[in-house]
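Start at 1 and go down the list; that is how both ligands and their atoms are numbered.
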Amino acid sequence: MRKRILLVSLSVTIIGILLFTLLISDIFYRDIVRQANEQLKIYAGFFDPEELAFDEPSALAFSQRLGGARVTFMDAQATILADSFGDLSEQSRGDREEVVSALLDGEGFAVRRSATVGQSMMYYCVRLSQPVNVGGALAENCLLRIGIESSSQTGVFIDALPTMAWFLLLDILCCLIFAWIATNAVLRPVELLTKEVALSGGRPVSSRYAELQPLVKMMNDMTAEIAEKVAHVEEERRMEKLILDSMEHGIVIFRDPNDVILINKTASTLLGCDPNEPIDLFASDHEIADILTAGEAASVYRKIEGRDYNFRFTFRPDSCVLLITDVTESMAAMRSKNDFIANVTHEMNTPLTSIKGFAELIETGAAPPERVQGMARTIIKQSDRLANLIRSIINFSAIDSDELPDYEVNVSELIAELIGSFEPKLRKKNIALQMDIEQGVVVLSRRERLVEILNNLITNGIRYNKDGGRLEISLTGGARPELTVRDTGIGLSEEDKERIFDRFYTVDKSHNGGGGGFGLGLAIVKKLCRRAGWELSVESTLGEGTAFSIRFCPKPEK
Ligand code: ADP
């Protein structure tokens, strides 16, 4: 800007000086011409026809008298009779401007370049009123022309150039000083404002110069607007990050494993990488590396710290999106379903095979008559087992759709009613039953649900007990009634304790032989307790025994 101001002021003044010089030299020149005209007229007045003749010596003498001016004598037809600047006799000057004017009007003046002299001349030509002596005879209307050297307009201008050069130097100096003062005066407030804005850190700025107030206001308004927008964008970013980081799914967007655009907290934890680091897994896992090379949507399953994850890769033109989903539960459900199918198939297959085999033997008459009755008993036993399996499955799925209302059930009485039906089994295994039942313990439920729970726990207490073992059933009342079924049986390992409540989970298939269950009993107990909000727990020591406890919900308010 300083340079610009300097250049503009310099150009303006230089052009100004040039124009001024041209103008002045023109005025000066015109004045010279006017003065020369006057002077030449006076010179012409000095000519005395009685003293001087129109011949060569007189021309020279008159020229000398006029200080060397050119003197030309011409006859009435403008033919030169004598010229102080050389022998030009007999030449005509009738075409010269000043001569033409003199022939027409009596006198004429012209400034022009002389072909004879070879320089700029000013001429004055006058037709003489008196007769002059031409070669001894008197001649009328003769023309007298007097010429002096003149400086041309360009000459005057060139003469003025050295002075002009000094002026220009002075002008440049003045311009420099002016530009410095002007730019300082104009730019200083702007520079001060710029400095203040730079140091303001987004705070409003001010200026003591009135001219800058609109600018300051505009800047402050813009700063406030920008700050608001930045805050808005930051808040949005924060929210986006919060949402992404609180997602249970892992998300990674990357151009390549070394160029991760976005990775949320779950993904960086699962992949064990820093958001700014390349993702190792992509390089070390060949299947994933192949997917990335192929660039087509695909899924793989990976186990990380004991949990199952689905890695879903989808591709965009410039990047790849990886969605990591925890599928442990659905995988477990799938496994459980597969177990279920395998179990049901196996459980159904065994009795069906023996039913079919014995029935065929009876039908073909191949069975010895004395064994037919035993075979029929086996068929009935296996049929009961099949029916039990089907009933258990129906019971298990019926819990979800059971919307029947609860009522108060006296658990103390229910246990007393049920225990009689277990007598044969207890006797068969020689198990001692020990009951510690507090009377009048009431819980809010339905009879059939409590029967299902008691049947399962007591059956297991007998089934997985040792011959000659002990079965203890205790029930306490109070704020939270509690039922415990404890046996001195085979017990459970720590690992099995975790899984016995899973559907169709049985610790040892050999237990199922004959009277063994299908692994649905405890799953039903757990499901019923969860729906009712009761706490179910198990304590067990392998080889020593197991105790199942249920803490019912607080007694209903009367
Ligand atoms: P099942 O009908 O096979 O008994 P449950 O769901 O009732 O099915 O039990 C699941 C598994 O838990 C059983 O197969 C058994 O191995 C184990 N189990 C259940 N109760 C006991 C217990 N009281 N003592 C030892 N193991 C038990």
Checking heavy-atom distances from atom 16 (O) of ligand 1 to each of Val507, Val538, Leu520, the winner is Val507
Can a non-hydrogen atom of Asp487 be found less than 4.0 Å from any atom of ligand 1? yes
Donor-acceptor pair, distance only, cut-off 3.5 Å: does the side chain of Thr266 make one with the backbone of Gly250? no
Main chain of Glu544, side chain of Thr541: is a donor-acceptor contact present, judged purely on distance under 3.5 Å? no
Would the number of heavy atoms belonging to other residues, nucleotides or ligands and lying under 6.0 Å from NZ of Lys497 be above 12? yes
Could you pull out, from Tyr464, Phe501, Tyr505, the option with a heavy atom nearest to atom 18 (N) of ligand 1? Tyr464
Just distances here: any N/O of Gly461 and N/O of ligand 1 closer than 3.5 Å? no
Is Gly519 close enough to touch ligand 1? Criterion: a residue heavy atom under 4.0 Å from a ligand atom. yes
Phe548 heavy atoms, cut-off 4.0 Å: which ligand 1 atoms fall inside? 20 (N), 23 (N)
Whether the side chain of Arg531 engages the backbone of Ile399 through a donor-acceptor N/O pair (distance < 3.5 Å, no angle test) should be reported. yes
N or O contact, Thr506 vs ligand 1, cut-off under 3.5 Å: no
N/O donor-acceptor pair under 3.5 Å between Lys265 side chain and Leu244 backbone: no
Ligand 1 atoms nearer than 4.0 angstrom to some heavy atom of Arg463 are 1 (P), 2 (O), 4 (O)
Just jot down the ligand 1 atoms closer than 4.0 angstrom to any heavy atom of Ile500, in number order. 10 (C), 12 (O), 17 (C)
Okay, side chain of Glu296, backbone of Ile291: is any donor-acceptor separation there less than 3.5 Å? no
Does Lys303 make a cation-pi contact with Tyr309, if we ask for NZ or CZ under 6.0 Å from the ring centre and within 45° of the axis? no
Residue portion contacting ligand 1 (non-hydrogen atoms closer than 4.0 Å) for Thr459: neither
